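Quantities reported herein were computed from a predicted structural model and do not represent experimental measurements. In the text below, chain A, chain B and the rest are named by the order of the sequence lines, each starting its count at 1.
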Amino acid sequence: MTRSIPDKPAIEGLEAKWDERWESEGTYRFDRSKTRDEIFAIDTPPPTVSGSLHMGSVFGYVQTDTHARYRRMSAKEVFYPMGWDDNGLPTERRVQNYYGVRCDPSLPYDKDFIPPDEPHDPPISISRRNFIELCHVLTGEDEKVFENVWRTLGLSVDWTQTYATIDDHSQRTSQRAFLENLARGEAYSSDAPVLWDIDFQTAVAQAELEEREKGGAYHRVAFHGSDGNRIHIETTRPELICSCVALVAHPDDERYQPLFGSNATTPVFGVEVPIVAHELADPDKGTGVAMICTFGDTTDVTWWRELDLPTRAVIQYDGRFQAEPPEWLQGEAADHYAELAGLFANQARRKMAELLAQSGDLEGEPREIMHPVKFYEKGDRPLEIVTSRQWYIRNGARDDELRRELLARGEELNWVPDFMGVRFKHWVDGLNGDWLISRQRFFGVAIPLWYRLDDDGNPDYDNPIIPDLDRLPVDPSSETPDGYDESQRNQPGGFMGDPDIMDTWATSSLTPQIAGHWDDDPDLWERVFPMDIRPQGPDIIRTWLFATTLRSHLEHDVLPWHTATINGWILDPDRKKMSKSKGNVVTPKEFIDDYSAEGVRYWAASGRPGTDTALDVQQFKIGRRLAIKILNASKFALGFSDTDVGVEAITEPLDRSMLAGLAGVVSEATDAFEAYEYTRALEAAERSFWSWTDDYVELVKTRAYEGGAESVSAHAALQLALSVYQRLFAPFLPFVTEEVWSWWRDGSVHRQEWPSLSEFDGVTGDAEILDIVSRALSAVRKAKSDAKVSMRAEVDLISVTAAADEIELLRQAEDDLLAASRAAEIVYSNGEFAVEADLVEH
RNA sequence: GGGCGUUUAGCUCAGUUGGCUAGAGCACUGCCCUUACAAGGCAGGGGUCGGCGGUUCGAGUCCGUCAACGCCCACCA
């Protein structure tokens, strides 16, 4: 083809130019006529679209993109979809703040509702349907912004394969998978104590917990034994004394053995509670006796369940102590309780300390401590434990065989890097309850069930009404089950819809099924599942990776992917993990604007899997400089002849030597990519490329200008090398490589074949020639540098001392060395390698 | 309290199965407008490989131990 090379190549504008071209030409469009063994399927993480992308996401996605591009060039059809995780609490919270609204499910739908331009203060109450509509509006806008960033960054995603975790297809997939779990007995509902966020007023799962160090205080409190003795406990939660159902000590604790079987009365309230024994009581903690409350912590739940204790709960879903005194508190006890009624736990704690002091049951002053307290990871106040009906999926926590199967899946999975596998093992080993998937929220996938109401209006939870699969997705709170009339909703003898939604992980754990269309396109499904890789961050091994493995194991009895690649953290320059709460997050957009997409990609690609990487703008600059170098070197190498020269013209020893070295680089880069070590592939290409431009290109420059067969050999060698370098860099620097490829080749570089050794057949020589000539050239340069003269300064004589075989190598490229050195003559002598240059005097 | 990872030049990082004077880029110093590239090129200085102790002819590389940093897990009395 005719070459068209700009006079002043620049990287500015390349992102927009090529993104548009790739889109219009369908460069990354998935060809579904390929079969499973020809396809490389990637289970991309759907980023949460509530707020802005940060560099941590860019880091991981670029690394994945280098894989995708390498595989696409290695004769694989790449299935590379992109999802948006838009359902769930982050979106709800963003909508509340963005518009100044709150959801009140009791309100009717207002079809004329128009959201305020500015956040409304105080928040406007709107119906659930209006609220959900706003969620859709806002996530739609966020998704456009996100797609734009990904495109600017050059992700080779097939943008026709996008999904959102709240769209109908995802909802249908999620509901169907849930119903399959239900049919097999893997999903069940239970009315039991759960960890509860009092602000969001929803249950949360074990995987969403985090512990934070909080200040607290040990209160030394006296209970009263049956013979009048005082039994001391230490507690950080004295406000729960009104919920106390027992005292507990270790069965081997001789101090308390005489008390087992007897009763004590609680201070202030005078409620009689048994003194019981259990191994979980730690003789070394506090006084060795603990009070069991319903419920202060998860240990309480264990004791309550295993010791078959009564329930005396006073904390409501909103976190406040219930208004009316509970039935087990009468008379004076009820009066004391009235002082706690309506308070939050922390307020009640102070009040209770006063009451204990008044009754003489508080020994000494509370002793302040720091201790870990469980929080919902997105929450602001400590979790409480309340009893409520929730849906669960079995995860092996209470089923040893399932746990063993899941551990075996973890062993079976190819972890990159391999040490990440232990995190999965630890998580599965440590599971202490089934997976709680129901949430008392609004914007999410509904639990697709109704319940029959008996004549008293009580729901029959054990025999839910299940929709036909072809009705999915279904919203039981607005749709009517078959055989019923809407007027029977919430009426005795009628039905009620399950009011809850599923947690976002219950849907995103199905990304392979969603992206691969398990539900509605079995032909596609067979071509892409199980997928090849799952790239993701280390923080969501316990959530996304585990849950996806679980769902796939239960539904398909197979691992969802062959390999999981786990990226590292982004650290700020002080080696602190970057996070929003620390306020050190910078958005990717400004980095791309300042340093180009290639610069940002270069930095991301230089972070190895599982290795924490500092955010360093110097790396962006280096990547940008490399991209510019590729432009200029390509311009030079293509400037000699307007047509391709066949490789049979490559006859000069130096040219063949260069190609021998380059063949080695191709091997190294290919091996590295096959082992998911994209960074090593980049480094190999980069190291080779810079020495190519600095040494080889300088050495052949004169010959290339001169004409003749030797000149044509250089042209052909430059072209072959350039073609190889452009493809080696294509996975990392997609815009600039596409640009330079377009100067002299048809089609996209990203659809070319990855360089192979067969391209070097018959054109390689002795790689050591270029090495030794480069060393000699470098020595001449040093002589000029020491003399503080221009590299163009002329040399009378180069005197080389070297071993006989080295001299033999040098002679084969003697003319090139003389030309690049601007030297008139060269003489050799045997000995230790040394080069002297006699400069022409001026 | 367990576990995983990291610790190599001022900075960011490579160092494959232990083997010649430990590497790269940036930063720093000096020189050079050289017709691909001055948002460049050439050359140079700079490190007791976290500490201690082992194995070995030989250790950045293996073993033990300690420390710092990061992360994950753990029943908040």
Side-chain angles (χ1 to χ4, degrees), chain A residues 5 8-11 211-214 216 218-219 221 233-237 240 247-249 280-282 285-293 296-303 369 371-375 382-383 417 419-427 429-430 432 538-539 541-542 568-569 571 573-577 603 606-608 610-619 621-622 624-626 628-639 671-672 675 677 679-680 683 686-687 690 693-694 697-698 701 705 777-793 822:
Chain A
I5 303 170
K8 278 275 175 192
I11 58 173
E211 298 201 337
R212 301 178 195 162
E213 282 291 319
K214 292 303 242 185
Y218 277 126
H219 297 67
V221 173
I233 63 151
E234 286 199 345
T235 179
T236 56
R237 300 205 61 183
L240 291 175
L247 294 181
V248 66
L280 279 182
D282 184 348
K285 273 193 184 173
T287 62
V289 184
M291 68 169 179
I292 303 175
C293 307
D297 63 32
T298 52
T299 316
D300 281 341
V301 177
T302 305
W303 281 323
I369 55 157
H371 63 158
V373 178
K374 281 188 170 55
F375 282 73
L383 292 170
F419 65 79
M420 287 292 178
V422 304
R423 298 200 182 188
F424 180 90
K425 181 181 181 323
H426 284 168
W427 176 249
D429 277 337
N432 56 28
D539 51 330
I541 289 174
R542 65 175 181 170
W569 289 113
L571 307 173
D574 300 325
R575 288 201 68 78
K576 294 286 186 323
K577 180 192 162 189
W603 160 77
S606 59
R608 289 167 157 69
T611 303
D612 296 349
T613 302
L615 181 63
D616 182 0
V617 297
Q618 286 301 342
Q619 296 298 314
K621 290 184 188 171
I622 297 163
R624 190 173 186 281
R625 197 176 65 130
L626 175 61
I628 292 170
K629 191 75 172 179
I630 290 171
L631 285 175
N632 287 314
S634 297
K635 174 175 184 242
F636 172 76
L638 296 174
D671 291 348
E677 294 178 26
T679 300
R680 200 154 58 83
E683 281 174 357
E686 187 184 10
R687 196 182 330 111
W690 282 103
T693 60
D694 291 347
V697 171
E698 291 301 322
K701 196 177 268 184
Y705 278 121
L777 176 61
S778 187
V780 174
R781 284 169 173 162
K782 177 164 169 52
K784 292 181 181 178
S785 189
D786 289 346
K788 305 192 181 218
V789 298
S790 163
M791 288 301 137
R792 233 169 32 159
R822 295 184 175 262

Same-atom distance ([atom1]) from [N] to [M], integer angstrom:
N     : M     : atom1 : value
B:U7  : B:C49 : P     : 14 Å
B:G58 : B:A74 : C1'   : 45 Å
B:A39 : B:C33 : C1'   : 16 Å
B:G50 : B:G15 : P     : 15 Å
B:C57 : B:C73 : P     : 46 Å
B:C75 : B:C71 : C1'   : 22 Å
B:G45 : B:A36 : C1'   : 31 Å
B:G70 : B:C52 : P     : 24 Å

Which atom pair, heavy atoms only, marks the closest approach of [X] to [Y]?
X      : Y      : answer
A:D616 : A:W603 : N-NE1, 3.9 Å
A:W303 : A:A290 : CH2-CB, 4.3 Å
A:F636 : A:V697 : CE2-CG1, 3.3 Å
A:N632 : A:P9   : OD1-CG, 4.1 Å

Hey, which sits more toward the 5' end of RNA chain B by its nearest nucleotide, A:I369 or A:D694?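 Here A:D694 is the residue nearer the 5' end.
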Please tell me which of A:R781 and A:A637 maps to the more 5' nucleotide of RNA chain B, matching each residue to the nucleotide holding its nearest heavy atom.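 The answer here is A:A637.
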Just the rounded figure in Å: distance from [atom2] of [N] to [atom1] of [X].
X      : N     : atom1 : atom2 : answer
A:N632 : B:G41 : CG    : P     : 10 Å
A:R624 : B:A39 : CZ    : C1'   : 6 Å
A:I5   : B:C37 : CD1   : C1'   : 14 Å
A:D616 : B:G10 : CG    : P     : 16 Å
A:W690 : B:A14 : CH2   : P     : 21 Å
A:K8   : B:C37 : NZ    : P     : 6 Å
A:K621 : B:C26 : NZ    : C1'   : 9 Å
A:Q619 : B:U12 : CD    : P     : 10 Å

Students often get this wrong, so: under 4.0 angstrom with heavy atoms, is [X] touching a base, only sugar-phosphate, or nothing?
X      : result
A:K214 : nothing
A:E686 : nothing
A:M791 : base
A:K629 : base

Base [N] paired with [X] side chain (donor-acceptor, <3.5 Å):
X      : N     : value
A:K374 : B:C76 : no
A:S785 : B:G30 : yes
A:R680 : B:A14 : no

So which nucleotide from B:C73, B:A43, B:C76 ends up closest to the side chain of A:R542?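 Of all the options, the side chain of A:R542 is nearest to B:C73.
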Strictly by Watson-Crick or wobble contacts shorter than 3.5 Å, is anything paired with [N], and which nucleotide is it?
N     : result
B:G1  : B:C73
B:U6  : B:A68
B:C28 : B:G44
B:U35 : none
B:U17 : none

A side-chain contact here means heavy atoms from C-beta on lying under 4.5 Å apart; do A:E698 and A:R781 qualify?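 Of all side-chain heavy-atom pairs linking A:R781 with A:E698, at least one is under 4.5 Å.
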Answer yes when A:R608 and A:E683 have at least one side-chain N-carboxylate O distance shorter than 4.0 Å, and no when they do not.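 Looking at A:E683 together with A:R608, the answer is yes, because their closest N to O distance falls below 4.0 Å.
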Taking only N and O in the side chain of [X], is any of them less than 4.0 Å away from OP1 or OP2 of [N]?
X      : N     : result
A:R608 : B:C13 : no
A:S634 : B:A36 : no
A:R625 : B:C26 : yes
A:K285 : B:C76 : yes

Going from OG on A:S606 to CD on A:E686, what distance comes out if it is rounded to the nearest 0.5 angstrom?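 One finds 9.0 Å between OG of A:S606 and CD of A:E686.
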Could you give the distance from NZ (A:K374) to OG1 (A:T298), rounded to the nearest 0.5 Å?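 Here the interatomic distance stands at 4.5 Å.
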